[in-house]
2 protein chains.
Amino acid sequence: MSNDERYPVGSVRTTFRIVEALEQRGTAGVTELAEEIGLSKSSVHKHLTTLESLDYVVRDEGTYRLGFRFLGVGNRVRNRSELVSIAKPAIENLSRTAGSVTNLMVAEHGYGVYAYRAGEQFETSSYLPPVGGRVYLHATAGGKAILSQFSDEEVETVLDRRGLPSLTEKTITDEQALRRELRSVRDRGLAFERGEHLPSVQCVAAPVTASGRPVGAISVSGSIDQMSGKKLEEDLAGLVVSTANAIEVTLLRR
Amino acid sequence: MSNDERYPVGSVRTTFRIVEALEQRGTAGVTELAEEIGLSKSSVHKHLTTLESLDYVVRDEGTYRLGFRFLGVGNRVRNRSELVSIAKPAIENLSRTAGSVTNLMVAEHGYGVYAYRAGEQFETSSYLPPVGGRVYLHATAGGKAILSQFSDEEVETVLDRRGLPSLTEKTITDEQALRRELRSVRDRGLAFERGEHLPSVQCVAAPVTASGRPVGAISVSGSIDQMSGKKLEEDLAGLVVSTANAIEVTLLRR
DNA sequence: GAGGACCGTTTCCTGATAGCGAACGATTGG
DNA sequence: CCAATCGTTCGCTATCAGGAAACGGTCCTC
């Protein structure tokens with residue numbers, strides 16, 4: 001076992017390597033997984049047997065796949081979050097008035113995670129990161145909205161961990177440029193995303209804070225031909241900010 | 001570690017014990033978890049550190065909670081399922097025409113799992129099992145619809161594993177009575193649930209099969225005062241059956 | 001403000017075990 | 001019909017998962 005300081009229980013790391021390989025492939029066999037992970041067949045088999053007994057993996061005629069139990073855990077995590085339950089009706093409203101996809105993003109481990117989304121039916125053309133999916137904070141409107149409320153040191157920690165990878169030709173990859181952008185976001189209370197994450201996706205977001213700390217961000221996204229110019233920069237921007245404010249007020253009154 | 005044949009990698013079982021304890025509590029400390037699981041504080045701490053490095057757990061000021069990463073895994077599992085992607089628009093339609101909550105249930109490890117739900121806004125009063133939640137097959141309309149397509153031996157396997165626990169005073173707890181009920185469900189292609197799972201919930205479901213095997217069930221649920229008599233037994237029943245049939249046809253044409 | 005109780009964390013040790021290699025049936029396909 | 005490949009089983013052994021105890025910090029309490 002790789003005895004990294006960060007993974008004191010090596011076999012847990014192994015198991016989640018297998019889980020993540022299964023997550024990517026959808027369905028896979030023992031040999032296939034063993035080769036991918038670089039483990040012996042027998043070890044992989046032991047892990048799969050254990051995971052199956054725990055109901056996290058389903059054995060289907062000599063092949064394996066992840067079970068729906070993960071869906072249960074994931075939904076429980078989400079439903080326990082006070083922020084999500086408060087933001088849910090708010091962004092559903094926002095989605096209806098804006099006629100666009102709206103998201104709640106939270107930050108975790110230096111990534112942004114889409115915790116909830118409404119109005120998926122408005123976006124049929126372009127591909128959006130799935131709910132629960134992790135994205136880079138520096139390349140998304142919601143991510144920049146959250147980062148803008150972080151201290152300089154906290155931003156530094158995120159950059160050290162995740163870097164500034166380029167996702168499209170418009171992604172901000174220079175740290176000084178990002179710092180400038182974050183100052184502007186902080187001043188306006190608004191973040192825009194213009195093809196920095198996905199080439200044809202535009203986005204506007206506002207941070208949600210509780211007692212001075214950022215707890216998430218509200219965003220509206222759409223394809224580049226759906227929203228631009230005044231609609232994006234004024235109409236949608238105003239809606240996003242007022243929704244974020246409404247959520248903040250409700251968070252206080254809980 | 002308990003050296004059960006079914007859990008060849010004991011520490012994986014330990015880790016998921018911790019995950020499930022965290023899932024129930026929402027947030028917990030090391031000592032609390034160690035007492036619950038019956039493990040030493042240092043071991044629990046090692047597991048939590050590992051899980052945090054893997055981004056599945058979040059450390060928040062000396063206390064721990066599950067991360068949203070589980071939501072990502074769960075959604076990926078769901079989105080990979082061909083049945084879900086086909087059933088999704090169908091049960092959304094069904095929900096609108098019926099004006100009720102509709103569900104897609106699949107069977108896993110002898111339990112029923114709600115894989116997808118539409119029209120949650122129609123049900124504000126009574127509590128419904130969450131999406132991803134696991135329920136007993138013998139006590140739910142969807143579960144009985146699925147069981148009705150199982151062979152006698154398969155039903156026996158499920159009963160051996162999960163038993164026939166009583167959930168309300170109307171739950172079927174006698175095996176012979178259940179077998180009779182399943183025959184009736186098979187004959188009609190329809191299953192009803194009248195307070196057998198939750199006292200005030202009524203439900204009607206139809207199985208979805210692919211090449212003779214049950215792959216899931218479509219159901220409509222509502223509180224007892226919303227649906228009963230003719231509405232439940234004729235109108236909704238017909239809609240559920242035709243939706244299930246439509247899904248079966250699409251499954252064939254994939 | 002001193003004491004104590006509790007917390008999360010770290011350290012060190014040791015018996016249990018995670019991972020390995022090899023062998024075994026079952027299945028497949030040339 | 002045999003060769004290849006699959007999932008599975010079986011012992012073995014070096015490793016490590018788990019335990020006990022001590023540590024440093026924080027929060028009450030008196």
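Letters A, B, ... are given to chains in the order of the sequence lines, protein chains preceding strands, and every chain is numbered from 1. In what follows, every heavy atom counts, from backbone to side chain, and hydrogens, waters and symmetry copies are set aside.
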So which protein nitrogen or oxygen atoms get under 3.5 Å of nucleotides 28-30 of chain C's nitrogens or oxygens?
none

How close do G189(B) and P207(B) get, heavy atom to heavy atom, and via which atoms?
O-CD, 3.6 Å

Report the distance from atom [atom1] of [X] to atom [atom2] of [N], rounded to the nearest whole Å.
| X | N | atom1 | atom2 | result |
| --- | --- | --- | --- | --- |
| I18(A) | dG7(D) | CD1 | P | 13 Å |
| E52(B) | dG8(C) | CD | P | 14 Å |
| R6(B) | dT9(D) | CZ | P | 13 Å |
| L48(B) | dC7(C) | CG | C1' | 14 Å |
| R17(B) | dG18(D) | CZ | C1' | 14 Å |
| Y64(B) | dC7(C) | OH | P | 14 Å |
| R13(A) | dA18(C) | CZ | P | 17 Å |

Among residues 23-43 of chain A, which residues get a heavy atom nearer than 4.0 Å to DNA chain D?
G29(A), V30(A), T31(A), K41(A), S42(A)

Considering only side-chain heavy atoms of K46(B), which listed nucleotide, dG19(D), dT9(C), dT8(D), is closest?
dG19(D)

Under 6.0 Å between the ring centres of H138(B) and Y136(B)?
yes

Please tell me whether Y56(A) and Y64(A) form a close aromatic pair, meaning their ring centres lie under 6.0 Å apart.
no

Mind checking whether R25(A) and R80(B) have side chains closer than 4.5 Å, heavy atoms only?
no

Is the shortest heavy-atom distance from the side chain of R162(A) to the side chain of L137(A) under 4.5 Å?
no

N or O in side chain of [X] less than 4.0 angstrom from [N] OP1/OP2:
| X | N | result |
| --- | --- | --- |
| R59(B) | dT9(C) | yes |
| T14(A) | dG19(C) | yes |
| H45(B) | dC7(C) | no |

Lys/Arg N to Asp/Glu carboxylate O, R213(A) vs E154(A), below 4.0 Å:
yes

Any salt bridge between R13(B) and E20(B), counting N to O under 4.0 Å?
no

In terms of relative ring orientation, are F70(B) and F70(A) parallel, tilted or perpendicular, with 30° and 60° separating the classes?
parallel

CZ (R161(B)) with more than 12 external heavy atoms under 6.0 Å
yes

